[in-house]
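Only one structure is covered here, and it is reproduced in the block below.
Order of the sequence lines fixes the chain letters, A, B, ..., with proteins taken first and strands second; residue numbering starts at 1 for each chain.
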2 protein chains.
Amino acid sequence: MKQGEQTRTNIVKAANKLFYHQGFHKTAFSDIVKEVGLSKGNITYHFKSKDDILQAVFQRRITKTMNILAAWDEQYPDAKDRLNCFIESLKEGKSDLTKYGCPNGTLASELGKNNALTRELSQGLFDLIRHWLEQQFINLGFSSEQANDKALELFSRGQGICVLAQVYNDETLFITEINKLKQLVK
Amino acid sequence: MKQGEQTRTNIVKAANKLFYHQGFHKTAFSDIVKEVGLSKGNITYHFKSKDDILQAVFQRRITKTMNILAAWDEQYPDAKDRLNCFIESLKEGKSDLTKYGCPNGTLASELGKNNALTRELSQGLFDLIRHWLEQQFINLGFSSEQANDKALELFSRGQGICVLAQVYNDETLFITEINKLKQLVK
DNA sequence: GTCTATAAGAAGATAGAC
DNA sequence: GTCTATCTTCTTATAGAC
């Protein structure tokens with residue numbers, strides 16, 4: 001990776017972390033500067049505005065998500081295994097999901113309130129997971145409509161659990177509720 | 001109501017609306033000034049800081065929630081009717097819940113990330129509903145443990161549906177998923 | 001209680017040297 | 001590509017008149 005490219009990546013990684021841990025509006029440009037350890041001018045060279053950084057953060061999350069889902073597709077031939085893998089991955093992330101909520105869900109909640117553009121960015125990210133889940137249920141023999149329904153339920157319940165677990169800062173609650181989701185895969 | 005008391009209430013109402021529609025950090029003091037239609041100095045007379053207003057907003061939401069739950073308790077002798085009333089109230093709020101998400105859930109997501117104080121404020125608010133739901137399931141004959149479990153599931157699924165419906169700005173999705181919650185009450 | 005005016009700092013964005 | 005320095009606007013908080 002070229003130097004400029006590496007710097008760009010470092011900025012996006014730092015911003016991604018801060019947007020997750022603090023939220024978008026609470027994160028100042030100067031916070032990103034501090035986190036990434038470069039000058040403000042340098043960051044401005046790579047991204048002309050905070051909104052530009054946000055766009056790049058979304059793009060990064062989309063790419064990362066696509067890679068994870070593709071890896072699962074490759075690793076597990078069986079749709080049931082894939083869905084269980086999805087659920088297990090939530091359990092593995094319990095610490096951060098309980099501390100900060102879901103990275104995508106909390107960002108969507110904050111930004112989607114009155115901004116059509118950022119809402120669409122969130123939709124793109126959510127669609128990746130939503131339609132991947134749907135596809136797995138189709139593979140399990142469900143109709144398109146049923147699969148859509150199941151995917152929505154699994155997805156939304158995961159989101160709700162993250163909200164509750166974050167409010168109560170309670171990993172036990174998180175695990176208990178996530179375990180219930182396995183029944184949807186049976 | 002005395003004049004000062006009325007002004008205080010108006011400020012809290014305006015802030016409550018803005019925190020819901022825009023989020024806390026995106027809402028500036030000047031936004032509240034504009035919304036309430038009074039001078040900045042007047043608002044500062046009643047609340048010395050934005051955090052003070054936030055505290056009052058939480059207090060208002062707690063009081064309002066307690067009043068609603070108490071009214072349902074009085075209106076419906078049967079626990080099943082109360083729970084269905086809870087679910088119906090979500091459906092009636094579909095427009096705002098889809099546009100802006102759950103008022104309490106989105107505020108908790110935004111503020112609970114790294115602030116123990118505001119997390120506790122959210123917990124107090126969530127506890128009201130959580131324990132009210134729990135009590136209804138106890139009234140239906142469930143054990144304390146089962147009732148807690150059912151209440152958590154109903155509550156968290158409601159939260160998750162709000163997140164998804166907001167992201168997709170989709171009232172149909174919202175209603176479809178909320179209707180599923182009725183099965184938990186049967 | 002309500003107002004105007006202003007201070008002090010932080011925010012995001014820009015200019016130009018190296 | 002990276003830096004320092006600056007600018008403008010916004011944000012919060014305060015002071016003091018009425």
Side-chain angles (χ1 to χ4, degrees), chain A residues 1-60 106-107 110-111 113-118 121, chain B residues 1-60 107 110-111 113-115 117-118 121:
Chain A
M1 207 185 282
K2 287 177 190 168
Q3 188 183 7
E5 209 176 323
Q6 181 64 55
T7 299
R8 212 188 126 94
T9 302
N10 288 342
I11 295 167
V12 177
K13 280 171 74 171
N16 181 57
K17 177 183 163 187
L18 289 168
F19 292 168
Y20 179 32
H21 289 190
Q22 308 186 343
F24 176 75
H25 288 109
K26 190 169 163 51
T27 300
F29 214 97
S30 57
D31 292 332
I32 300 171
V33 169
K34 204 185 297 175
E35 176 75 23
V36 78
L38 294 172
S39 72
K40 179 176 282 192
N42 193 355
I43 292 177
T44 299
Y45 171 79
H46 289 280
F47 298 97
K48 77 172 202 294
S49 72
K50 195 182 165 191
D51 279 337
D52 271 14
I53 299 179
L54 177 63
Q55 291 250 1
V57 164
F58 267 108
Q59 192 51 60
R60 178 185 170 83
T106 54
L107 194 59
E110 185 185 356
L111 298 176
K113 280 182 173 286
N114 50 7
N115 185 321
L117 178 66
T118 48
L121 285 169
Chain B
M1 206 186 281
K2 288 177 191 169
Q3 188 181 7
E5 209 174 326
Q6 182 63 55
T7 299
R8 211 188 127 94
T9 301
N10 289 342
I11 295 166
V12 176
K13 279 171 76 172
N16 181 56
K17 177 182 165 188
L18 289 168
F19 292 168
Y20 179 33
H21 288 189
Q22 308 186 343
F24 176 75
H25 288 109
K26 190 169 163 51
T27 300
F29 213 96
S30 58
D31 292 332
I32 300 171
V33 169
K34 204 184 298 175
E35 176 74 23
V36 78
L38 294 172
S39 70
K40 181 175 285 193
N42 194 355
I43 292 177
T44 300
Y45 172 79
H46 288 281
F47 297 97
K48 77 171 202 293
S49 71
K50 195 182 166 191
D51 280 336
D52 271 15
I53 299 179
L54 178 62
Q55 291 251 1
V57 165
F58 267 107
Q59 192 51 61
R60 178 183 170 83
L107 195 59
E110 185 185 357
L111 299 175
K113 279 181 173 286
N114 50 8
N115 186 321
L117 178 66
T118 48
L121 286 169

>> If you compare all heavy atoms of B/Ile53 against all heavy atoms of B/Ala15, which two are closest, and at what distance to 0.1 Å?
In response: CG2-CB, 3.4 Å

> Any side-chain heavy atom of A/His46 sitting closer than 4.5 Å to one from A/Asn42?
Replying inline: yes

> Quick one: what's the B/S/- string for nucleotides 1-6 of chain D, heavy-atom cutoff under 4.0 Å, read 5' to 3'?
Replying inline: BBBB--

> Is there a side-chain contact between A/Leu111 and A/His25 (heavy atoms, below 4.5 Å)?
Replying inline: yes

>> With side chain to side chain contact (heavy atoms under 4.5 Å, CB included) as the criterion, how do B/Leu54 and B/Lys50 come out once you've worked through the C-alpha distance, each side chain's angles and the decisive distance to 0.1 Å?
In response: CA-CA 6 Å; B/Leu54 178 62; B/Lys50 195 182 166 191; over 6 Å; no

> Which of residues 15-34 of chain A sit near DNA chain D, with a heavy atom under 4.0 Å from it?
Replying inline: none

Validation: residues 27-38 of chain A side-chain donor-acceptor distances under 3.5 Å, sequence neighbours left out:
{"from": "A/Thr27", "atom 1": "OG1", "to": "A/Leu18", "atom 2": "O", "distance (Å)": "3.3"}
{"from": "A/Thr27", "atom 1": "OG1", "to": "A/Gln22", "atom 2": "OE1", "distance (Å)": "3.3"}
{"from": "A/Thr27", "atom 1": "OG1", "to": "A/Gly23", "atom 2": "O", "distance (Å)": "2.7"}
{"from": "A/Asp31", "atom 1": "OD2", "to": "A/Ala28", "atom 2": "N", "distance (Å)": "2.9"}
{"from": "A/Glu35", "atom 1": "OE2", "to": "A/Lys17", "atom 2": "NZ", "distance (Å)": "3.1"}

> Do A/Phe47 and A/Arg8 have side-chain heavy atoms sitting under 4.5 Å apart?
Replying inline: yes

> Between D/dT9 atom C1' and A/Lys50 atom NZ, what is the distance in whole Å?
Replying inline: 15 Å

> Are side-chain N/O atoms of B/Gln6 and B/Asn10 paired as donor and acceptor at under 3.5 Å?
Replying inline: yes

>> If I compare all heavy atoms of A/Thr118 with all of A/Phe58, which pair ends up nearest, and what's the gap?
In response: O-CZ, 4.3 Å

